[in-house]
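The structure appears right after this line, and notes come after that.
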Amino acid sequence: MSLDLAKTPLHDWHVAAGGRMVDFTGWSMPVQYNSIVEEHRATRTAVGLFDVSHMARFRFEGPEAEGFLNRLLTRRVDNLKPGRIRYSVICREDGGILDDVLIYRLAEEDGTPYFWLVVNAGNRTKIAAWIQKYLPSSGVEFTDRTLETAMIAVQGPKALEIAQEQVSGGQLADFPYFSGQNLLVDGQPALISRTGYTGEDGCEITIAAEHATPLWQRLADAAAKVQGMAVGLGARDTLRLEAAMPLYGHELSEEINPIQAGLEFAVSAGREFLGSEAIEKAKGQADLPRRVGLQMEGRRVPREHYPIIAEGRAVGEVTSGTFSPTLDCPIAMGYVPPQYATVGTSLEVDLRGKLFPAKVVELPFYKR
């Protein structure tokens with residue numbers, strides 16, 4: 001492994017715990033500690049701990065911050081209430097997706113408002129440059145807080161229970177989904193949000209980098225008592241795929257617009273933002289390929305770029321595929337023309353020269 005990979009504040013813990021470290025978008029990250037299936041099931045039944053410190057965290061403040069973000073994002077920011085979070089997309093002028101993000105509206109203890117933007121790790125440099133390209137000369141202060149903080153996801157049916165033991169100043173169970181607050185964790189300021197990427201309930205904790213390892217260890221000890229555990233990137237992927245959550249570089253890219261990806265809910269209509277004209281036009285293009293879910297029989301797993309076959313010819317390709325530990329069958333997402341995107345449509349997937357039956361199913365594959 002390259003020695004110049006970025007390391008999260010929890011890197012040494014992962015190595016000591018036997019995490020199998022891999023290069024993930026320039027970061028040294030654990031892909032698994034034990035069995036991916038075991039880590040997956042622990043998250044579905046108890047609690048999983050995820051180091052998501054590689055995700056980029058940007059802060060915006062100043063009198064023009066709201067207006068700037070309102071133009072940058074596909075989702076409205078001007079009507080986002082304090083303490084609430086929205087899933088949104090950042091697009092090029094032609095509607096191609098640069099990234100999918102979370103935007104938070106928060107406030108300091110003295111009431112000073114600011115915004116927090118969580119960006120995919122591999123897109124940190126690209127989105128920072130995009131922000132700088134459109135940033136006004138005054139009125140908006142933009143800072144990258146990624147390296148000075150850590151972000152820990154606590155996910156699963158028992159997630160809030162063990163996270164609450166560490167938090168003072170608020171009851172996590174009372175937080176609405178997609179909300180966040182600045183609270184105290186072991187006396188240290190921390191941002192707690194009711195968000196995640198697994199299809200389970202839970203929260204994400206952002207804290208100063210120097211306090212991350214003691215917090216993680218306390219959470220790991222508490223998780224072990226309820227049959228939970230630390231979880232690597234492998235199970236994070238199988239969990240998000242069961243929940244049909246798109247992954248940038250797979251279901252999302254600069255060649256795909258939000259309408260094709262089924263992200264209409266993340267586009268606030270009737271207003272101007274970067275890419276709005278192109279996205280509005282895409283709504284009227286009935287022939288654009290659409291994201292679908294596929295379920296298959298047997299044990300063979302459809303992988304990225306495997307052709308999707310209809311009527312004897314390739315009509316699309318798989319963007320993500322796995323064997324679902326929860327459903328006990330292979331599942332995949334991919335893009336196909338609209339005439340093949342109806343739930344119940346029978347298709348095939350070409351797995352290394354052999355065709356295997358696949359059926360278009362409703363997304364998500366799994367709901368808690």
### Query
Which atom pair, heavy atoms only, marks the closest approach of Gly199 to Arg368?
O-CD, 3.2 Å
### Query
Quick one: do Lys126 and Glu254 make a salt bridge, cutoff under 4.0 Å?
yes
### Query
Do Thr326 and His40 have side-chain heavy atoms sitting under 4.5 Å apart?
yes
### Task
Please lay out, stage by stage, how Tyr33 and Glu38 fare under the test side chain to side chain donor-acceptor pair (under 3.5 Å).
CA-CA 10 Å; Tyr33 301 89; Glu38 185 181 358; over 6 Å; no
### Task
Specify the closest pair of heavy atoms between Arg105 and Val77, including all atoms of both residues, with the distance to one decimal.
NH2-O, 2.9 Å
### Query
Quick one: are Val154 and Leu49 in side-chain contact, heavy atoms under 4.5 Å?
yes
### Query
Are the aromatic rings of Tyr134 and Phe68 close, with centres under 6.0 Å apart?
no
### Summary
Value for CG (Leu215) from CD (Gln188), rounded to nearest 0.5 Å, stands at 10.5 Å
### Task
For side chain to side chain contact (heavy atoms under 4.5 Å, CB included), just list the numbers for Val52 and Tyr197, CA-CA rounded to whole Å, side-chain angles, deciding distance to a tenth of an Å, and then say yes or no.
CA-CA 10 Å; Val52 291; Tyr197 192 55; over 6 Å; no
### Query
Thinking salt bridges, do Glu264 and Arg290 make one under a 4.0 Å N-O criterion?
no
### Task
Specify the closest pair of heavy atoms between Val318 and Ala332, including all atoms of both residues, with the distance to one decimal.
CG1-CB, 4.0 Å
### Message
Regarding Ser320 and Glu251, do their side chains bring together a donor and an acceptor under 3.5 Å, going by distance alone?
### Response
yes
### Query
Just checking, any donor-acceptor pair under 3.5 angstrom between side chains of Glu141 and Tyr114?
no
### Query
Quick check: does any side chain N or O of Arg194 sit under 3.5 Å from a backbone N or O of Cys203, one acting as donor and the other as acceptor?
no
### Within 6.0 angstrom of Glu93 CD, more than 12 heavy atoms from elsewhere
yes
### Message
Can you confirm whether Leu219 sits close enough to Ile162 that some side-chain heavy atom of one is under 4.5 Å from a side-chain heavy atom of the other?
### Response
yes
### Query
If we only count heavy atoms from C-beta on, is the Tyr306 to Arg352 side-chain gap below 4.5 Å?
yes
### Query
With distance as the sole criterion, is a donor-acceptor pair present between the side chains of Ser28 and His11 under 3.5 Å?
yes
#### Entry: Nearest-0.5 Å distance, OG1 of residue Thr74 to CG of residue Leu98
11.0 Å
### Query
Can Tyr340 be reached from Phe356 by stepping across I, L, V, M, F, W or Y side chains whose heavy atoms are under 4.5 Å apart?
yes
### Query
Where do Gly180 and Leu191 come nearest, in terms of heavy atoms and distance?
C-CD1, 4.5 Å
### Query
From Met245 CE over to Arg236 CZ, what is the distance, rounded to the nearest 0.5 angstrom?
10.0 Å
### Task
Please state whether the rings of Tyr87 and Phe265 are parallel, tilted or perpendicular, taking 30° and 60° as the class boundaries.
parallel
### Task
Quick one: do Arg71 and Leu274 satisfy side chain to side chain contact (heavy atoms under 4.5 Å, CB included)? Show the steps, please.
CA-CA 6 Å; Arg71 182 170 180 246; Leu274 290 169; 3.7 Å; yes
### Query
Can you tell me if Thr149 uses its side chain to pair, donor with acceptor, with the backbone of Arg145 under 3.5 Å?
yes
### CD/Gln132: more than 12 non-hydrogen atoms of other groups inside 6.0 Å
yes
### Message
Taking the basic N atoms (NZ, or NE/NH1/NH2) and the acidic carboxylate oxygens, is any pair closer than 4.0 Å for Arg44 and Glu200?
### Response
yes
### Message
For a side chain to side chain donor-acceptor pair (under 3.5 Å) check, start with the C-alpha distance between Asp51 and His14, then their side-chain angles and the critical distance, and finish with the verdict.
### Response
CA-CA 9 Å; Asp51 180 7; His14 301 317; 2.8 Å; yes
### Query
Should Asp328 and Arg299 count as an ion pair when the cut-off is N to O under 4.0 Å?
yes
### Task
Report yes or no: do Asp100 and Tyr248 form a side-chain donor-acceptor pair below 3.5 Å?
no
### Task
State whether the number of non-hydrogen atoms from other residues, nucleotides or ligands found under 6.0 Å of Gln285 atom CD is greater than 12.
yes
### Query
In the hydrophobic clustering (ILVMFWY, side-chain contacts below 4.5 Å, transitive), which residues join Phe365, or is it alone?
Leu241, Leu327, Ile331, Met333, Val361, Leu363
### Query
Quick one: are Ile152 and Leu10 in side-chain contact, heavy atoms under 4.5 Å?
yes
### Task
List for me each residue that meets side chain to side chain donor-acceptor pair (under 3.5 Å) alongside Asp221, sequence neighbours excluded, and say none if there are none.
Gln217
### Message
Check whether Asn70 reaches the backbone of Asp78 with its side chain - one donor and one acceptor, N or O, closer than 3.5 Å.
### Response
yes
### Task
Determine, step by step, whether Thr43 and Glu39 satisfy the side chain to side chain contact (heavy atoms under 4.5 Å, CB included) criterion, reporting the C-alpha distance in whole Å, the side-chain angles of both residues, the deciding distance to 0.1 Å, and the verdict.
CA-CA 6 Å; Thr43 307; Glu39 292 170 20; 5.6 Å; no
### Task
Measure the shortest side-chain to side-chain distance between Pro357 and Glu297 over non-hydrogen atoms and say whether it is less than 4.5 angstrom.
no
### Query
Between Ser324 and Glu242, do the side chains contain an N or O donor and an N or O acceptor separated by less than 3.5 Å?
yes
### Pro307 and Glu317, any side-chain heavy atoms less than 4.5 Å apart
no
### Task
Let me know which of Gln171, Gln164, Glu165 forms a side-chain contact (heavy atoms from CB on, under 4.5 Å) with Val167.
Gln164
### Message
Does atom CD (Glu362) have a neighbourhood of more than 12 heavy atoms from anything else shown, all under 6.0 Å?
### Response
no
### Task
Say whether, by atom type as modelled, one donor and one acceptor occur between the side chain of Asp350 and the main chain of Ile309 under 3.5 angstrom.
no
### Message
I'd like to know if the side chain of Glu66 and the backbone of Asn79 have a donor-acceptor N/O pair within less than 3.5 Å.
### Response
no
## Note on the structure
Note: Asp110 and Thr112 closest approach over all heavy atoms is OD1-OG1, 2.8 Å
### Enclosure of Lys283 NZ (heavy-atom neighbours >12, cutoff 6.0 Å)
yes
## Note on the structure
Rounding to 0.5 Å, atoms CG (Leu351) and CZ (Arg303) come to a distance of 9.5 Å
#### Entry: Close side-chain approach of Ile259 and Leu288, heavy atoms under 4.5 Å
no
### Summary
Rounded to the nearest 0.5 Å, the OG atom of Ser53 sits from the CE atom of Met151 at a distance of 8.5 Å
### Task
For Phe24 and Val31, run side chain to side chain contact (heavy atoms under 4.5 Å, CB included): C-alpha distance rounded to whole Å, both residues' side-chain angles, the deciding distance at 0.1 Å, then the answer.
CA-CA 9 Å; Phe24 183 75; Val31 70; over 6 Å; no
### Query
Atom NE2 of His250 and atom CG of Asp237: how far apart are they, to the nearest 0.5 Å?
7.0 Å
